A.B. asks: 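So that we are looking at the same thing, I have put the structure below in structure tokens.
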2 protein chains.
Amino acid sequence: MTNQKTTRIPRMTLSRLPLYYRTLCNLADEGTRRIKSADLGTATQVEPTTIRRDFSYFGELGRSGYGYDVGHLIRIFGEILEVDEPQYLALVGVGNLGRALLKNNFRRNPNMAIVCAFDADPGVIGEEINQVIVQPMAELGATIASLQINTAISTVPSHSLQQVSAKLVDNGIRSILSFAPEPVILPEFVNMRYLDLTSEVLNLLLLSERGQAAVAK
Amino acid sequence: MTNQKTTRIPRMTLSRLPLYYRTLCNLADEGTRRIKSADLGTATQVEPTTIRRDFSYFGELGRSGYGYDVGHLIRIFGEILEVDEPQYLALVGVGNLGRALLKNNFRRNPNMAIVCAFDADPGVIGEEINQVIVQPMAELGATIASLQINTAISTVPSHSLQQVSAKLVDNGIRSILSFAPEPVILPEFVNMRYLDLTSEVLNLLLLSERGQAAVAK
DNA sequence: CACGAAATGTGACGAGTTTAACAAAACGGA
DNA sequence: TCCGTTTTGTTAAACTCGTCACATTTCGTG
């Protein structure tokens with residue numbers, strides 16, 4: 001109890017958990033009961049050794065000469081990912097992308113959903129999309145407080161991102177997924193993640209075409 | 001000339017270039033002529049040391065006691081990122097997300113654009129979105145061949161991703177950005193990148209809430 | 001029950017990446 | 001021109017992560 005051997009789980013291992021979880025669920029749906037790291041490797045495109053190492057951080061989940069019990073893995077990872085806990089999200093910015101996210105609304109994940117949306121444009125306020133009514137920014141504080149939301153998705157453009165983010169944090173949001181490319185300066189306890197499509201495409205091109213750029217010294 | 005010191009640029013450094021480039025452009029727009037790594041660090045949220053190390057791979061770009069010339073950096077990085085070369089993309093899957101991408105169409109990047117779109121649903125084929133007409137899958141090969149496109153964005157659902165990806169590759173696509181969570185098995189020379197929103201949200205939560213998951217040994 | 005086959009969990013290594021620390025270089029005011 | 005200040009570029013060390021290799025464990029058949 002005192003000597004908690006709280007081995008810190010590597011960041012990269014955590015980032016692969018959603019992939020493992022989803023793949024295992026698919027396998028279970030197809031009736032697969034047991035799996036070995038080699039087969040899970042081909043399904044996830046992750047090296048079998050890496051999979052075994054990843055799994056080992058959560059205990060001895062497998063059996064030598066047998067493999068892993070799919071149901072057991074799903075239970076363990078589901079618990080870590082808290083997939084059973086309802087995860088409600090707020091959306092700020094209901095433009096093209098925001099609207100698409102709202103229409104989709106994590107359909108495949110029964111416990112994850114955008115439950116409120118905000119925008120500054122009077123033209124979209126009041127609009128109902130997929131059972132969510134777009135609210136004005138002024139109501140943001142009251143709504144996310146009453147719904148006890150602490151995670152938000154932002155599709156607001158760069159120029160207002162800093163201001164909007166600050167408002168989100170002031171109202172209790174602790175994790176933000178932003179689709180704007182500009183980094184934002186926020187308190188350390190806020191977890192921010194950026195998903196800039198342009199950067200992603202540029203990176204894709206950069207990493208494929210040229211693995212090197214000659215540097216004459 | 002013979003002794004090309006082609007220092008291989010680290011992957012992580014390359015992945016930060018778009019961020020540097022964009023931030024520097026913003027600074028230039030505001031009239032900033034020179035910048036030091038410390039200030040660029042606060043703007044990009046990257047450690048100043050890391051910035052200097054990154055820059056050093058491209059030569060001695062700065063001056064001691066002075067900093068970096070913003071315009072010079074923009075020129076260098078713009079060249080590496082080939083921002084002046086037009087980069088045309090194909091889109092497969094014109095659902096909610098695909099439509100949003102098409103409406104946005106990298107408006108802020110004058111040299112990057114989706115120039116053709118494909119879908120299997122007869123309901124959307126023929127529709128014109130932002131000057132792009134949605135074509136049937138059957139025309140994919142001919143169109144991307146004539147436009148000489150080698151990069152695609154896919155928003156097709158998981159169950160058809162493998163098949164669609166294979167078709168893309170058969171027709172000359174070498175880089176794919178996919179919004180479906182399932183990994184795909186493709187030849188090694190294809191560069192694939194996944195952007196699964198559900199995984200991103202789960203990761204966000206995982207990395208923030210609990211930096212550790214106790215493992216009793 | 002015994003034994004070969006199968007598959008895990010992990011020590012060790014090495015590649016890749018970040019960071020601290022500092023010498024060298026250039027600035028800019030007096 | 002001189003000199004203290006500023007800031008770079010880089011060496012060295014720390015850290016993270018992925019993979020090899022293999023001892024160990026368990027399986028499952030005869």
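In what follows, every chain begins at residue 1, and chains take the letters A, B, ... in the order their sequences are listed. Any value given below was found using the heavy atoms of this structure, including those in side chains, with hydrogens, waters and symmetry copies removed. Keep in mind it's a predicted model, so treat the numbers as computed, not measured.
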A.B. asks: Tell me the interatomic distance from A:Glu60, atom CD, to D:dA23, atom C1', rounded to whole angstroms.
C.D. replies: 14 Å

A.B. asks: Quickly work out the B:Lys36 NZ to D:dT5 C1' distance and round it to whole Å.
C.D. replies: 11 Å

A.B. asks: Starting from P on D:dC20, measure out to CD1 on A:Ile51 and report it in whole angstrom.
C.D. replies: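 Value for this atom pair: 14 Å.
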
A.B. asks: Which part of the nucleic acid does B:Arg52 contact within heavy-atom distance under 4.0 Å: base, sugar-phosphate only, or nothing?
C.D. replies: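 Base contact - B:Arg52 has a heavy atom under 4.0 Å of at least one base atom.
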
A.B. asks: Does the side chain of A:Arg11 get closer than 4.0 angstrom to OP1 or OP2 of D:dC17 through an N or O atom?
C.D. replies: yes

A.B. asks: Just the rounded figure in Å: distance from P of C:dG9 to OH of A:Tyr66.
C.D. replies: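 Atom-to-atom, A:Tyr66 to C:dG9, this comes out as 13 Å.
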
A.B. asks: Is the closest side-chain donor-acceptor distance between B:Glu182 and A:Asn26 under 3.5 Å?
C.D. replies: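 There is such a pair (donor and acceptor under 3.5 Å, judged by atom type) between the side chains of B:Glu182 and A:Asn26.
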
A.B. asks: Considering heavy-atom distances to DNA chain D, does A:Gly65 or A:Arg16 have its closest nucleotide positioned more toward the 5' end?
C.D. replies: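 The residue mapped nearer the 5' terminus is A:Arg16.
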
A.B. asks: Mapping B:Thr49 and B:Arg34 onto DNA chain C by nearest heavy atom, which one lands closer to the 5' end?
C.D. replies: B:Thr49

A.B. asks: Could you tell me the separation between the OH atom of B:Tyr57 and the C1' atom of D:dT8, rounded to a whole number of Å?
C.D. replies: 16 Å

A.B. asks: For the pair made of CZ in B:Arg53 and C1' in C:dC22, what is the distance, rounded to whole Å?
C.D. replies: 13 Å

A.B. asks: If I take atom CG in residue A:Leu14 and atom C1' in nucleotide D:dG18, what distance separates them, rounded to the nearest angstrom?
C.D. replies: 16 Å

A.B. asks: Kindly compute the distance separating CE (A:Met137) from NZ (A:Lys167), expressed to the nearest 0.5 Å.
C.D. replies: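 With rounding to 0.5 Å, CE (A:Met137) is 5.0 Å from NZ (A:Lys167).
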
A.B. asks: How is B:Ser37 classified with respect to the nucleic acid when contacts are heavy atoms under 4.0 Å: base, sugar-phosphate, or nothing?
C.D. replies: sugar-phosphate

A.B. asks: Atom CG of B:Leu61 to atom P of D:dT7: distance rounded to whole Å?
C.D. replies: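 My rounded result for the distance is 17 Å.
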
A.B. asks: For B:Thr13 and B:Phe58, work out which heavy atoms get closest and say how close.
C.D. replies: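 So the minimum-distance heavy-atom pair works out to CG2-CE1, 4.2 Å.
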
A.B. asks: For a quick test of reading the model: is some side-chain N or O of A:Tyr68 closer than 4.0 Å to OP1 or OP2 of C:dG9?
C.D. replies: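 For A:Tyr68, the contact criterion (side-chain N or O under 4.0 Å from OP1 or OP2 of C:dG9) is met.
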
A.B. asks: Nearest 0.5 Å, please: how far is CG in B:Leu168 from CZ in B:Phe118?
C.D. replies: 9.0 Å

A.B. asks: Can you find a donor-acceptor N/O pair under 3.5 angstrom joining the side chain of A:Ser64 to the base of D:dT25?
C.D. replies: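 Indeed there is one.
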
A.B. asks: Given C:dT19, D:dT8, D:dT19, identify the nucleotide with an atom nearest to the side chain of B:Thr50.
C.D. replies: C:dT19

A.B. asks: Is it true that the side chains of B:Ser15 and A:Asn203 contain a donor and an acceptor less than 3.5 Å apart?
C.D. replies: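 Not at all, the side chains of B:Ser15 and A:Asn203 share no donor-acceptor pair under 3.5 Å.
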
